[in-house]
Amino acid sequence: MLNEALFNDINIRKKMKFNLLGKISIIIVSLALLAGCGAALVRNVDAAMITGNHSVANVEKAIVRAGTDLGWMMTKKSDKHIVGKLALRTHLAVIDITFDKNSYSIKYKDSTNLGYNGSSIHSNYNGWIQNLQKAIALQINIL
């Protein structure tokens, strides 16, 4: 009888320990997922180098094509200056792209529903900028 009671007591403790560890594991996984959807420092691209000998007009075409292919609305504001706007669901990102034949820069300009606080923004924004930068590099390489 004593061994059976001791065995039951050990099983109860194991179950309690497992339940506590299970709850802690669920909390940790949930926090990790929430952190992935959180804010991050704003990603700007400063003077990304353009290799090869391309005209300013061709660099502009490559930037516009790259942005348009990704769903950005690209508007020429002046020579060597494009404003890009990306609207997804209730979110809006606005960027300034300045360029010459040797380099280009992408800078945060404005946003709606992306939680911008002066230095950080929804982490999806940085993914959009990274995708745009890769697309611009690809378009410039095929000029």
Side-chain angles (χ1 to χ4, degrees), residues 4-143:
E4 189 176 321
L6 184 60
F7 180 74
N8 286 337
D9 187 47
I10 291 171
N11 277 341
I12 291 171
R13 286 183 187 177
K14 283 183 180 177
K15 287 180 182 177
M16 287 174 58
K17 187 175 180 181
F18 176 76
N19 284 340
L20 180 61
L21 289 175
K23 289 177 184 176
I24 290 171
S25 296
I26 290 171
I27 291 170
I28 289 171
V29 169
S30 297
L31 289 174
L33 289 173
L34 287 174
C37 297
L41 292 177
V42 171
R43 176 188 175 102
N44 286 315
V45 177
D46 296 313
M49 298 305 298
I50 297 173
T51 58
N53 188 19
H54 308 290
S55 68
V56 171
N58 281 341
V59 170
E60 179 181 316
K61 287 177 189 173
I63 291 170
V64 170
R65 191 173 322 135
T68 303
D69 287 352
L70 292 174
W72 290 84
M73 181 188 300
M74 307 298 264
T75 305
K76 181 177 180 176
K77 286 298 180 181
S78 64
D79 286 343
K80 304 178 186 178
H81 180 204
I82 296 169
V83 172
K85 293 182 182 181
L86 182 64
L88 296 172
R89 297 171 300 279
T90 62
H91 307 294
L92 174 68
V94 184
I95 56 174
D96 275 319
I97 305 171
T98 54
F99 59 93
D100 58 29
K101 66 180 189 169
N102 300 312
S103 67
Y104 66 92
S105 296
I106 304 171
K107 306 276 189 198
Y108 172 89
K109 183 174 183 174
D110 195 13
S111 64
T112 303
N113 292 331
L114 289 173
Y116 179 70
N117 68 5
S119 62
S120 61
I121 195 164
H122 193 290
S123 59
N124 285 354
Y125 171 85
N126 288 337
W128 302 333
I129 298 305
Q130 185 176 14
N131 289 340
L132 179 59
Q133 183 178 11
K134 288 178 182 177
I136 290 171
L138 179 66
Q139 290 297 326
I140 287 171
N141 282 334
I142 61 175
L143 283 176

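As the structure is a prediction and not an experimental result, all values here were calculated from the model.
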* Looking only at heavy atoms, what is the nearest atom pair of Gly71 and Leu86, with distance? ->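 That would be O-CD1, 3.4 Å.
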* **Separation between CG of Asp110 and NZ of Lys85, rounded to the nearest 0.5 Å** =>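 With rounding to 0.5 Å, CG (Asp110) is 9.0 Å from NZ (Lys85).
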* Asked: Quick check: are there more than 12 heavy atoms from other residues, nucleotides or ligands sitting under 6.0 Å from CG of Asn53?
  ->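 No, not enclosed.
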* May I ask you to check whether Tyr116 and Tyr125 place their ring centres under 6.0 Å from each other? =>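 No, they do not, as the ring centres are separated by 6.0 Å or more.
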* Nearest 0.5 Å, what's the CE-CD distance between Met74 and Glu60? ->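 Here the interatomic distance stands at 10.0 Å.
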* Rounded distance (nearest 0.5 Å) linking atom CD1 of Ile63 with atom CD1 of Ile97 ->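 Separation between the atoms: 6.0 Å.
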* Please round to the nearest 0.5 Å and tell me the distance separating atom NE2 of His81 and atom OG of Ser105. =>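 If we round to the nearest 0.5 Å, His81:NE2 and Ser105:OG are 11.0 Å apart.
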* Asked: Could you give the distance from OG1 (Thr98) to CG (Asp100), rounded to the nearest 0.5 Å?
  ->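 So the OG1 of Thr98 and the CG of Asp100 are separated by 8.5 Å.
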* Asked: Which pair of non-hydrogen atoms, one from Ser55 and one from Lys101, has the smallest distance, and what is that distance?
  ->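 So the minimum-distance heavy-atom pair works out to C-CB, 4.4 Å.
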* Asked: Of all heavy-atom pairs between His54 and Ile50, which one has the smallest distance, and what is that distance?
  ->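 Scanning both residues, the minimum pair turns out to be CD2-CG2, 3.8 Å.
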* **Least distance between heavy atoms, Asp79 atom then Lys76 atom** =>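 Between these two residues, the closest heavy atoms are OD1-NZ, 3.6 Å.
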* Evaluate side chain to side chain contact (heavy atoms under 4.5 Å, CB included) for Ile106 paired with Ile136, printing each intermediate quantity in order. => CA-CA 11 Å; Ile106 304 171; Ile136 290 171; 4.1 Å; yes
* Step-by-step side chain to side chain contact (heavy atoms under 4.5 Å, CB included) determination, Trp72 to Ile95 -> CA-CA 10 Å; Trp72 290 84; Ile95 56 174; 3.6 Å; yes
* Intermediate values then yes/no, side chain to side chain contact (heavy atoms under 4.5 Å, CB included), Asp96 and Val83 -> CA-CA 5 Å; Asp96 275 319; Val83 172; 3.4 Å; yes
* **Minimum-distance pair of heavy atoms, taken over all atoms of Ala39 and Ser120** =>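 Residues Ala39 and Ser120, closest heavy atoms: CB-OG, 4.1 Å.
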* Using the side chain to side chain contact (heavy atoms under 4.5 Å, CB included) rule, take Ile129 and Tyr108 through it: C-alpha gap first, then chi angles, then the decisive distance, then the call. => CA-CA 9 Å; Ile129 298 305; Tyr108 172 89; over 6 Å; no
* How close do Leu132 and Gly67 get, heavy atom to heavy atom, and via which atoms? ->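 What the structure gives for the nearest pair is CD1-CA, 3.6 Å.
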* How long is the gap from CG on Asn126 to CD on Gln133, to the nearest 0.5 Å? ->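 That separation rounds to 11.0 Å.
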